Amino acid sequence: MQNILNHAAEVLILLFLIITFMQSAIDKVFDWNGNLSWLKGHFSETPLKNAVLILLATVLIFEAVSVILCAIGLYYIIIENSTDFAFHGAILCCVSLLMLLFGQRMAKDYEGAKTIAVYFLISVFLVFLLQH
């Protein structure tokens, strides 16, 4: 319990990121065709239009690995008082969000890009908290 109190901000942000990225990854898995169809339309006027399938798969993999690392990191913070996995999970969350931001900017979806920026700030703050 003391480790949770000593790392309360980190634990709360990790839970936030786990929930966020898990929901996103699950949505991609269970509505693959719907996501793919929507994204093909979203990127139809961009240089990314022919790479939507591989980009969607790449984002899914990054999100899933982010969730796994953040969950392992949460465990290690609580049980072992170690932040290594959480740090790597936070970094991967930032990379995932940068990929999404790049796509939104390419599609000129500036409102979507603003939303991603909020998640990115939270993720970068976690990286900052976990740096030694």
Side-chain angles (χ1 to χ4, degrees):
M1 183 63 152
Q2 192 60 40
N3 290 343
I4 295 172
L5 296 176
N6 289 342
H7 297 281
E10 294 93 328
V11 166
L12 291 169
I13 297 171
L14 280 168
L15 287 169
F16 173 83
L17 293 175
I18 290 167
I19 291 166
T20 300
F21 282 97
M22 184 182 302
Q23 184 280 326
S24 183
I26 288 171
D27 178 64
K28 285 175 182 64
V29 168
F30 287 102
D31 188 21
W32 179 263
N33 291 330
N35 279 287
L36 186 59
S37 174
W38 185 85
L39 288 168
K40 283 183 177 182
H42 193 62
F43 291 112
S44 64
E45 303 295 321
T46 75
L48 303 176
K49 65 184 173 194
N50 295 322
V52 172
L53 178 63
I54 190 72
L55 293 173
L56 179 59
T58 301
V59 168
L60 172 60
I61 291 166
F62 270 74
E63 287 178 345
V65 175
S66 295
V67 168
I68 291 166
L69 286 176
C70 285
I72 293 170
L74 183 63
Y75 170 84
Y76 271 89
I77 284 175
I78 294 169
I79 303 302
E80 303 287 334
N81 198 34
S82 171
T83 60
D84 292 339
F85 277 100
F87 178 73
H88 289 86
I91 294 281
L92 201 57
C93 286
C94 288
V95 172
S96 299
L97 290 164
L98 287 171
M99 290 189 296
L100 294 171
L101 178 70
F102 177 78
Q104 295 294 63
R105 298 293 298 190
M106 290 294 290
K108 297 182 181 174
D109 181 356
Y110 301 116
E111 288 302 313
K114 279 195 260 183
T115 301
I116 291 168
V118 173
Y119 290 102
F120 184 73
L121 287 173
I122 295 167
S123 299
V124 168
F125 183 59
L126 180 59
V127 171
F128 172 78
L129 290 174
L130 294 169
Q131 285 180 324
H132 294 2

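Heads up: numbering here begins at 1 and tracks the sequence. As the structure is a prediction and not an experimental result, all values here were calculated from the model.
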What are the two closest heavy atoms between [X] and [Y], and how far apart are they?
X	Y	value
Leu14	Ala86	CD1-CB, 3.7 Å
Cys70	Ala90	SG-N, 4.2 Å
Gly103	Leu48	CA-CD1, 4.3 Å
Leu69	Gly89	CB-CA, 3.6 Å

Rounded distance (nearest 0.5 Å) linking atom [atom1] of [X] with atom [atom2] of [Y]:
X	Y	atom1	atom2	result
Cys93	Leu98	SG	CG	11.0 Å
Ile26	Asp31	CD1	CG	13.0 Å
Leu101	Ser96	CG	OG	12.5 Å
Gln104	Ile116	CD	CD1	4.5 Å
Thr46	Met106	OG1	CE	5.5 Å
Ile4	Glu10	CD1	CD	12.0 Å

### Message
Is there a path of hydrophobic side-chain contacts, each under 4.5 Å between heavy atoms of I/L/V/M/F/W/Y residues, joining Val11 to Leu5?
### Response
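Result: no, two separate clusters.
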### Single-linkage hydrophobic cluster, 4.5 Å side-chain cutoff, Leu12 and Leu129 together
no
Would you check if [X] and [Y] make a side-chain contact, meaning some heavy-atom pair closer than 4.5 Å?
X	Y	result
Ile78	Leu74	yes
Trp32	Leu53	yes
Phe125	Ile13	yes
Arg105	Tyr110	yes
Val124	Phe128	no

Please tabulate, one pair per line, all N/O donor-acceptor pairs under 3.5 Å involving side-chain atoms of residues 17-24, not counting sequence neighbours.
unit_1: Thr20; atom_1: OG1; unit_2: Phe16; atom_2: O; d: 2.8
unit_1: Ser24; atom_1: OG; unit_2: Lys28; atom_2: NZ; d: 2.7
unit_1: Ser24; atom_1: OG; unit_2: Glu63; atom_2: OE1; d: 3.0
unit_1: Ser24; atom_1: OG; unit_2: Glu63; atom_2: OE2; d: 2.9

### Over 12 foreign heavy atoms within 6.0 Å of CZ, Phe87
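Yes - once you tally the heavy atoms of other residues, nucleotides and ligands closer than 6.0 Å, there are more than 12.
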### Query
Within a reach of under 6.0 Å around CD1 of Ile54, are more than 12 heavy atoms found that belong to other residues, nucleotides or ligands?
no
### Task
For residues 114-129, pull every pair meeting side-chain hydrogen bond (donor to acceptor under 3.5 Å, both in side chains), keeping only residues two or more places apart or in separate chains.
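Found Glu111-Lys114.
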### Message
Applying side-chain hydrogen bond (donor to acceptor under 3.5 Å, both in side chains) as the test, list every pair that has at least one member in residues 78-87; sequence neighbours left out.
### Response
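For residues 78-87: His7-Asn81, Thr83-His132.
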### Message
Using a 3.5 Å distance criterion without hydrogens, assess whether the side chain of Ser37 forms a donor-acceptor pair with backbone atoms of Asn33.
### Response
no
### Query
What residues form a ring pair (Phe, Tyr, Trp, His ring centres under 6.0 Å) with His88, not counting sequence neighbours?
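Result, ring pair (Phe, Tyr, Trp, His ring centres under 6.0 Å) vs His88: none returned.
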### Query
Partners of Tyr76 by ring pair (Phe, Tyr, Trp, His ring centres under 6.0 Å), sequence neighbours excluded?
Phe85
### For Lys40, all residues meeting side chain to side chain contact (heavy atoms under 4.5 Å, CB included), sequence neighbours excluded
Leu36, Val52
